[in-house]
Amino acid sequence: YAGSFSPLTKGHHDIIVQAARAFDELHIAVGINPGKQPMFNDQERVAMIEHDIKTHIEPELKKTGIACALKVSCYDGTTARFMEAAGADFYIRGLRLGTEFDQELPGITVSKHIFPSFTPVFFCSSDPKLQTVSSTTARELSRFREDAVLDDYVTPHVKAQLIARMEQLKLRPPAPSAPLPPEPKA
C-alpha cells in the first residue's frame, strides 16, 4: 500500500486493516516524491505509521484473529519498481469517491508496462464517514484549529504531531482569546 501518508489518516488506517484481512503480508510504502512538499520527512512519516500500527492497527487485527505481517518502508522511484524489488504483485489503493479510479488508471497502465505482474486491488472506505478523509483535509483542519473535527480524521498521536508541526512552522494561528462577557443591562 503505497502513498505519501503526510500524515497517516483514519482513512489510510481503514484501508490497511481491510488489506491485512485479505493478505498475509502488507508493505506500507512511503513514497518519496520530489514533486511534493510533505509536511513530515520520510523518517517522521514512517515513525508515525509504525506507532499507529503498534497502538491501533495490530490490536484491532488481533481482536478479529487476523495475522498479517505489516512492514513499513520508504522508497524513491516508481511504485512499480519498489513492488518488483519487494516481491509484491498487488498494488493496494483506497477509493473514497468514484472519480479516484479515473485518477488512478493512467498510473496503473504505466506501472503494468514497467512491472507486468503489477495487479491493482481497490478497497472502498468501510465507513461512509471516512469517504471525505484525506491528509490534505487533516492538515487544513489542524491549521485552522478545528481540533474536535480533526479527531475524526487522525489518531491522537498523529494529531499531536500535526499540531506540533503546524505550530513549529507558524502555520497555526494562536488560540482565540475568551470572548468578553456580555455587558450588564441598564
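In what follows, every heavy atom counts, from backbone to side chain, and hydrogens, waters and symmetry copies are set aside.
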Salt bridge Arg165-Glu44, side-chain N to carboxylate O under 4.0 Å:
yes

Report yes or no: do Val154 and Phe144 belong to one cluster of Ile/Leu/Val/Met/Phe/Trp/Tyr joined by side chain heavy-atom distances under 4.5 Å?
no

In this structure, OG of Ser117 is separated from NZ of Lys112 (nearest 0.5 Å) by 7.5 Å

Where does the angle between the aromatic ring planes of Phe90 and Phe23 fall among parallel (under 30°), tilted (30 to 60°) and perpendicular (over 60°)?
tilted

What I want to find out is whether Arg172 reaches Asp147 closely enough, with some N-O distance under 4.0 Å, to be called a salt bridge.
yes

Supply the atom-to-atom distance Glu167 CD to Leu162 CG, rounded to the nearest 0.5 angstrom.
10.0 Å

Nearest heavy-atom contact between Pro7 and His12 is O-CE1, 3.6 Å

Can you check side chain to side chain contact (heavy atoms under 4.5 Å, CB included) on Glu146 and Tyr153, steps first, answer last?
CA-CA 11 Å; Glu146 296 293 343; Tyr153 284 66; over 6 Å; no

For residues 68-77, please give each side-chain donor-acceptor pair under 3.5 Å, one per line with the distance, not counting sequence neighbours.
unit_1: Lys71; atom_1: NZ; unit_2: Glu25; atom_2: OE1; d: 3.4
unit_1: Tyr75; atom_1: OH; unit_2: Thr79; atom_2: OG1; d: 2.5

For Gln37, does the CD atom sit with more than 12 other heavy atoms under 6.0 Å from it, leaving out its own atoms?
no

Considering all heavy atoms, the nearest Leu26-Ala19 contact:
CD2-CB, 3.9 Å

Got a salt bridge between Lys63 and Glu60, using NZ or NE/NH1/NH2 to carboxylate O under 4.0 Å?
no

Distance (rounded to the nearest 0.5 Å) between Asp152 CG and Thr132 OG1:
9.0 Å

Quick check: closest heavy atoms across Ala29 and Phe5, and the distance to 0.1 Å?
O-CE1, 3.5 Å

Rounded to the nearest 0.5 Å, what separation is found between the NE2 atom of His51 and the CG atom of Leu8?
11.5 Å

Any side-chain heavy atom of Arg96 within less than 4.5 Å of one from Ser134?
yes

Of all heavy-atom pairs linking Ile92 and Tyr1, the shortest is O-CD1, 3.3 Å

Nearest heavy atoms of Phe123 and Gln18, plus distance in Å
CD2-OE1, 3.5 Å

Hphob cluster co-occupancy, Val149 + Ile163, side-chain heavy atoms under 4.5 angstrom:
no

Spacing of His13 atom NE2 and Thr155 atom OG1 [to the nearest 0.5 Å]:
9.0 Å

For residues Met39 and Leu171, determine if any side-chain heavy atom of one lies less than 4.5 Å from a side-chain heavy atom of the other.
yes

Which heavy atom of Ala88 sits nearest to which heavy atom of Phe115, and what is that distance?
O-CE2, 3.5 Å

Taking Arg45 for its side chain and Phe40 for its backbone only, find out whether a donor-acceptor pair lies under 3.5 Å.
yes

Residues Thr64, Val17; criterion side chain to side chain contact (heavy atoms under 4.5 Å, CB included); working and verdict
CA-CA 11 Å; Thr64 58; Val17 169; over 6 Å; no

CG (Asp24) with more than 12 external heavy atoms under 6.0 Å
no

For residues Leu141 and Leu130: do they belong to one hydrophobic cluster (side chain heavy atoms under 4.5 Å, members Ile, Leu, Val, Met, Phe, Trp, Tyr)?
yes

Can Asp151 and Lys159 be counted as an ion pair, charged N to O under 4.0 angstrom?
yes

Same cluster or not: are Ile28 and Phe122 linked, directly or through other Ile, Leu, Val, Met, Phe, Trp or Tyr residues, by side-chain heavy atoms under 4.5 angstrom apart?
no

Check the pair Arg139, Ser142 against side-chain hydrogen bond (donor to acceptor under 3.5 Å, both in side chains), reporting the backbone distance first and the verdict last.
CA-CA 5 Å; Arg139 290 190 305 267; Ser142 175; over 6 Å; no

Hydrogens and angles aside, do Asp14 and Ser126 bring a side-chain donor and acceptor to less than 3.5 Å of each other?
yes

pair Val133-Thr137: side-chain heavy atoms closer than 4.5 Å:
no

What's the separation between atom SG in Cys124 and atom CZ in Arg93, rounded to the nearest 0.5 Å?
13.0 Å

